[in-house]
Amino acid sequence: MKKQLLATLGIAALGMVSYAATFMQVKTKDGEIVKFDVNDVDEVFFEDVASSSNHEYVDLGLPSGTLWATYNIGATKPEEYGWYFAWGETEPKEVYNNITYKLGEDFTKYNFNDGLTTLLPEDDAATANWGSEWRMPTNEEQRELVEECQYQMTEVNGVYGAKFTGKNGNSVFFPAAGTRTGSGATSVGNYGLYWSSSLDEEDEGYARFLGFYEDEAYWGDYGRFLGFPVRAVLAK
């Protein structure tokens with residue numbers, strides 16, 4: 001986790017503060033100098049901030065140690081749907097079908113001939129949009145989320161979705177964002193379907209996903225060209 005000075009964005013070195021100084025100066029990452037009158041400073045301490053590259057994550061106490069982002073790629077808070085991606089694509093688009101699919105109707109990559117069953121960084125929507133610190137979860141990590149957490153459907157700021165609560169009491173919310181097919185949206189506000197980075201090893205035209213609806217959270221497979229949201233995990 002990153003270390004940040006409380007109430008600032010930067011890190012101060014206490015040894016740089018002179019006893020004769022009137023002010024303690026802290027330089028933030030954006031170059032701003034923040035001054036504190038040393039007579040008003042009682043204590044300087046550091047805290048762990050659950051963020052990476054300005055994107056927040058949560059520790060659910062999972063056996064694997066997987067850390068989940070608190071909101072979708074393309075969103076800025078948990079209840080926002082964010083962007084939709086075809087599996088193996090890294091940008092949202094207007095039409096989702098087999099004709100517009102970047103990897104072609106014949107699946108020119110991630111097929112039984114090339115032996116690739118997990119998305120590479122260049123085809124991972126999380127890595128491409130948030131940087132190398134992030135990636136899409138594998139199907140095994142999605143399964144762990146379901147099996148190791150308490151699941152319930154709820155609302156956050158009027159948005160319906162799924163809440164997964166770990167054994168340590170921390171939780172993460174997934175909005176029921178539905179899917180994109182063709183140029184339209186399906187089941188928005190009812191279902192949640194989230195891509196993993198895992199290919200369906202029995203059918204190269206399908207990829208694995210995490211799904212939820214009403215009182216059930218599950219995993220399955222769907223056609224790669226459909227648009228699903230993506231919830232990232234912190235890369236190990």
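The first residue in the sequence is number 1, and the count goes up from there.
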Under 4.5 Å between side-chain heavy atoms, counting indirect links through other Ile/Leu/Val/Met/Phe/Trp/Tyr residues: same cluster for Val159 and Val58 or not? no

Glu89: partners by side chain to side chain donor-acceptor pair (under 3.5 Å), with sequence neighbours left out: Lys93

Around atom [atom1] of [X], are there more than 12 heavy atoms from other residues, nucleotides or ligands closer than 6.0 Å?
X      : atom1 : result
Glu94  : CD    : no
Glu155 : CD    : yes
Tyr151 : OH    : yes
Tyr160 : OH    : yes
Lys163 : NZ    : no
Glu91  : CD    : no

Could you check if a side-chain atom of Val230 sits within less than 4.5 angstrom of a side-chain atom of Asp124, using non-hydrogen atoms only? no

State, without any angle test, whether Asn98 and Glu105 hold a side-chain donor-acceptor pair at a distance under 3.5 Å. yes

Is a side-chain N or O of [X] found less than 3.5 angstrom from the main chain of [Y], in a donor-acceptor match?
X      : Y      : result
Glu148 : Pro63  : no
Trp219 : Asn139 : no
Asn129 : Ala125 : yes
Glu216 : Tyr213 : no
Ser196 : Arg208 : yes
Glu80  : Thr76  : yes
Asp106 : Thr108 : no
Asn168 : Asp59  : yes
Arg135 : Pro121 : no
Thr90  : Ala128 : no

Which heavy atom of [X] sits nearest to which heavy atom of [Y], and what is that distance?
X      : Y      : answer
Trp68  : Gln142 : CH2-CG, 4.1 Å
Asn72  : Pro229 : ND2-CB, 3.9 Å
Pro78  : Phe173 : O-CD2, 3.7 Å
Gly178 : Tyr84  : O-CE2, 3.8 Å
His55  : Trp134 : O-CZ2, 3.5 Å

Apply side-chain contact (heavy atoms from CB on, under 4.5 Å) to Leu210 and Phe174, showing your working. CA-CA 11 Å; Leu210 164 70; Phe174 287 67; 4.3 Å; yes

Taking the cut-offs as 6.0 angstrom to the six-membered ring centre and 45 degrees off its axis, would you call Arg180 and Tyr96 a cation-pi pair? no

side-chain contact (heavy atoms from CB on, under 4.5 Å) between Glu204 and Asn113, worked out: CA-CA 10 Å; Glu204 63 185 16; Asn113 292 322; 6.0 Å; no

Looking at the rings of Trp87 and Tyr110, which for Trp means the six-membered one, are their centres under 6.0 Å apart? yes

Are the aromatic ring centres of Tyr194 and Phe209 under 6.0 angstrom apart? no

